[in-house]
2 protein chains.
Amino acid sequence: MPERRVTMADVARKAGVSPTTASFALSGRTDMRISDASRERVLVAARELGYRPNVTARSLRTKSTQTIGLVSDRITTTPFAGDVIRGALEAARERDHLLFITEAGGDREAESSLVHALLDRQVDAVIYASMFTRYITPPKELYGRRVVLLNCLAPGFDAPSAVPDEIEAGRDAARALLAAGHTEGIWSIGGHQAVPATPEGIIAGNERMRGLEEVLRAGGARLDGVVECDWDTRDGHREVTALLAAGHRPRALVCMTDRVSLGAYQALGEAGLSVPGDVSVVSFDDQDIASVLRPALTTLKLPHYQLGRLAVELILGEGPLEAVVHRVPMPLQDRASIGTPAEG
Amino acid sequence: MPERRVTMADVARKAGVSPTTASFALSGRTDMRISDASRERVLVAARELGYRPNVTARSLRTKSTQTIGLVSDRITTTPFAGDVIRGALEAARERDHLLFITEAGGDREAESSLVHALLDRQVDAVIYASMFTRYITPPKELYGRRVVLLNCLAPGFDAPSAVPDEIEAGRDAARALLAAGHTEGIWSIGGHQAVPATPEGIIAGNERMRGLEEVLRAGGARLDGVVECDWDTRDGHREVTALLAAGHRPRALVCMTDRVSLGAYQALGEAGLSVPGDVSVVSFDDQDIASVLRPALTTLKLPHYQLGRLAVELILGEGPLEAVVHRVPMPLQDRASIGTPAEG
DNA sequence: GCAACTTGCTAATCCGATTTAACAACGGAG
DNA sequence: CTCCGTTGTTAAATCGGATTAGCAAGTTGC
């Protein structure tokens with residue numbers, strides 16, 4: 001049976017001082033004068049009794065619970081976004097904070113009620129997270145609170161955002177292709193996701209394409225074509241198959257996700273084309289499959305761990321939060337799917 | 001700025017009653033006599049003021065925080081185990097509870113300090129979770145507390161466990177093969193994981209193999225061989241390649257994980273063998289790739305969502321927890337990788 | 001008509017800390 | 001020998017609820 005917890009009163013009694021003195025000694029405040037002797041006695045008593053402060057009781061007075069709430073749509077669900085949680089968890093632990101994780105499944109009402117549940121428990125701050133980068137409107141309960149937006153943007157809402165630097169990732173994809181000598185026969189599979197399954201999901205597509213085209217153009221190259229489609233394996237397979245069937249002979253594919261790349265690999269394989277011998281592939285996201293495909297996929301990694309970590313670091317930083325957009329680099333995972341262009 | 005929260009005292013004042021009456025009216029207790037008129041006035045006042053009880057303050061008195069802690073080694077990290085979190089989250093939400101998620105990375109000291117951090121915050125109960133099924137020793141801080149073990153077993157520790165029913169899964173794999181007509185040329189790739197990267201990680205392997213062999217034998221079939229190896233893509237690829245090179249001609253592979261299956265697919269493909277025309281494949285886990293491979297992989301799903309949900313349901317159930325092992329079924333995801341045995 | 005209940009409500013206390021205000025004891029200045 | 005400031009300590013209030021004990025007023029019993 002969990003025996004009664006040791007309270008500060010127990011410590012004070014054992015040390016032969018008042019609870020007030022014990023409190024000051026334990027909190028180590030210097031503005032209240034406690035003799036070294038008393039302080040020592042309290043500390044020893046606390047150690048011997050295995051005293052641990054009751055955070056709940058403390059926070060009733062201080063208002064601070066050393067606790068952060070994280071509200072997401074479905075962030076824990078997506079296969080690799082667990083990294084967001086891990087980054088946030090580690091950063092929180094380094095600072096002796098705990099995280100409430102919640103998931104609203106995209107339901108506004110659930111979102112509100114979860115935020116209430118968090119506020120009822122006196123969380124110090126809230127991280128509002130999205131599964132994919134998009135514009136959002138935070139629930140009204142969050143206005144005026146200490147908030148950081150993770151993987152989403154809310155213009156007009158006074159809070160910092162942490163998002164992947166998709167534009168620079170697009171540029172890096174182009175640079176990797178140019179460096180290997182690619183200047184023509186370059187196709188984008190997935191494009192801007194202009195007709196996406198998710199109407200808000202256009203940030204990643206637009207920004208990746210913008211960076212890609214900018215650097216390609218500056219390097220004297222260009223895109224032969226952009227295939228607009230959804231971003232799943234099936235789409236990649238279908239569209240690349242169609243592309244080849246239409247008589248095109250691409251030298252390099254820029255696939256907008258690793259899942260699209262997998263579909264592209266399958267379609268190329270079925271057509272007897274090899275990667276990267278016949279066709280180079282560069283991708284985005286760095287999901288699990290990327291490193292396991294044959295050949296291993298060169299891709300720009302979504303910095304989930306860093307995003308989670310940054311969100312916590314921002315929220316636990318000193319001073320007021322400023323409505324700044326923090327763009328986190330997407331590192332190039334340089335593997336084996338880019339080669340020199342195949343001969344005519 | 002977040003204006004001062006509405007307290008029960010505010011509600012009482014507005015309703016013209018004492019805080020005591022307000023408390024009773026709001027908590028809806030029937031053992032204290034409150035007139036319908038007063039109750040109604042309090043409820044209206046609370047609604048108009050948007051009153052929400054301060055859970056922190058309440059729990060100081062009641063000891064219950066409506067909060068559960070989850071301690072895991074690295075559960076948020078593994079690609080698909082986010083489902084565990086989701087299951088737990090949903091079950092908790094249905095019961096108006098919130099979850100503290102923590103991750104100790106396998107470090108005993110970190111584990112202890114996290115459990116302390118949870119207890120300091122007065123969590124009602126703790127779920128101790130493992131990434132893969134294994135035997136564990138819970139940190140001593142958990143003894144005598146309300147605990148459920150998720151995906152792990154601790155003989156002698158007085159708490160229920162929720163684990164996948166690996167034995168039955170092994171049986172189901174065998175049944176699926178038998179049903180398709182396979183009786184010979186059956187190989188296990190991965191085996192018991194008798195020399196595993198993780199010395200504790202033998203439960204899944206042993207139990208899957210046990211169920212598999214039991215039903216195969218009862219069905220008049222048997223295993224031609226068991227290839228003991230680690231359970232990753234690379235291992236599957238290497239071992240199946242070696243198997244074929246040694247002149248064996250398997251009709252069905254039982255791969256111990258989907259990653260092993262992916263490796264097997266690659267090796268079979270390179271050898272010009274087709275799935276399931278030449279070789280059938282049945283697998284375990286049902287990771288993301290399983291449904292996306294070509295042909296889609298028939299596999300026994302690790303019931304992560306159900307495990308998470310069950311753990312919470314157990315912990316929030318009435319009465320004392322009993323040290324029972326709950327085996328959660330692993331449903332067969334019947335896809336396209338099993339066919340009738342190839343001729344001679 | 002008075003004791004014994006019932007009904008409806010509230011004052012006071014508690015939970016475990018933090019924090020404010022005040023109070024002894026002592027030393028030095030004048 | 002006072003007066004004042006310093007030092008070390010503590011009583012009491014506070015945070016926002018839950019709970020216990022008790023108190024008026026109205027009802028019933030005989």
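Chain A is the first sequence line, chain B the second, and so forth, proteins listed ahead of strands; every chain is numbered from 1. Because only heavy atoms are used, hydrogens play no part in the values below, and waters and symmetry mates are left out as well, while side chains stay in.
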When rounded to whole Å, the CD to C1' distance for the pair B/Gln66 and D/dG17 reads 14 Å

Rounded to whole Å, CG of B/Leu119 lies from P of C/dG16 at a distance of 15 Å

Q) Hey, is A/Glu90 close enough to A/Arg93 for a salt bridge, meaning N to O under 4.0 Å? A) no

Heavy atoms of A/Ser130 and A/Asn151 approach each other most closely as O-ND2, 3.2 Å

Under 3.5 Å donor-acceptor pair, B/Arg58 side-chain atoms to D/dG17 base atoms: no

Taken to the nearest whole Å, CE/A/Met32 to C1'/D/dG8 is 11 Å

Does B/Arg134 pair with B/Asp73 as a salt bridge, N-O distance under 4.0 Å?
-> yes

Taken to the nearest whole Å, CD/B/Gln122 to C1'/C/dG16 is 9 Å

note: A/Leu26, atom CG; C/dT19, atom P; distance rounded to Å ~ 13 Å

### Query
Between B/Asp10 and B/Arg4, is there a side-chain N and carboxylate O pair less than 4.0 Å apart?
yes

In whole angstroms, the gap separating P of D/dT19 from CD1 of B/Ile34 amounts to 14 Å

Original post:
Within 45° of the ring axis of A/Tyr305 and under 6.0 Å from its six-membered ring centre, is that where the NZ or CZ of A/Arg309 lies?
Top reply: no

Distance-only donor-acceptor test (3.5 Å): side chain B/Thr20, base C/dA11 = yes

Rounded to whole Å, CZ of A/Arg13 lies from C1' of D/dT10 at a distance of 16 Å

Using a cut-off of strictly less than 4.0 Å, decide whether B/Ser35 has a side-chain nitrogen or oxygen near OP1 or OP2 of C/dC9.
yes

Compare side-chain N and O positions of B/Lys63 against OP1 and OP2 of D/dA18 and report whether any pair is under 4.0 Å apart. no

Note: A/Glu141 and A/Leu119 closest approach over all heavy atoms is O-CD1, 4.0 Å

Per atom distances to the A/Ala57 side chain, the nearest of D/dG17, C/dG16, C/dT19 is C/dG16

Side-chain contact check for A/Met8: nearest option of C/dT18, D/dC15, D/dT10 is C/dT18

B/Thr7 has its side chain closest, among D/dG17, D/dA18, C/dT19, to D/dG17

Per atom distances to the B/Arg29 side chain, the nearest of D/dT19, D/dT10, C/dA17 is D/dT19

Check: Taking only side-chain nitrogens and oxygens of A/Thr21, does any of them come within less than 4.0 Å of OP1 or OP2 of D/dT10?
Finding: yes

Between A/Val55 and B/Arg39, the residue closer to the 5' end of DNA chain C by nearest nucleotide is B/Arg39

| query | Given C/dT18, is OP1 or OP2 found less than 4.0 Å from the side-chain N or O atoms of A/Ser23? | reply | yes

Task: Distance test, side-chain N/O of A/Ser38 to OP1/OP2 of D/dT9, below 4.0 Å - done: yes

When rounded to whole Å, the CZ to C1' distance for the pair B/Arg33 and C/dT7 reads 6 Å

When B/Phe24 and B/Pro53 are each assigned the nearest nucleotide of DNA chain D, the 5'-most assignment goes to B/Pro53

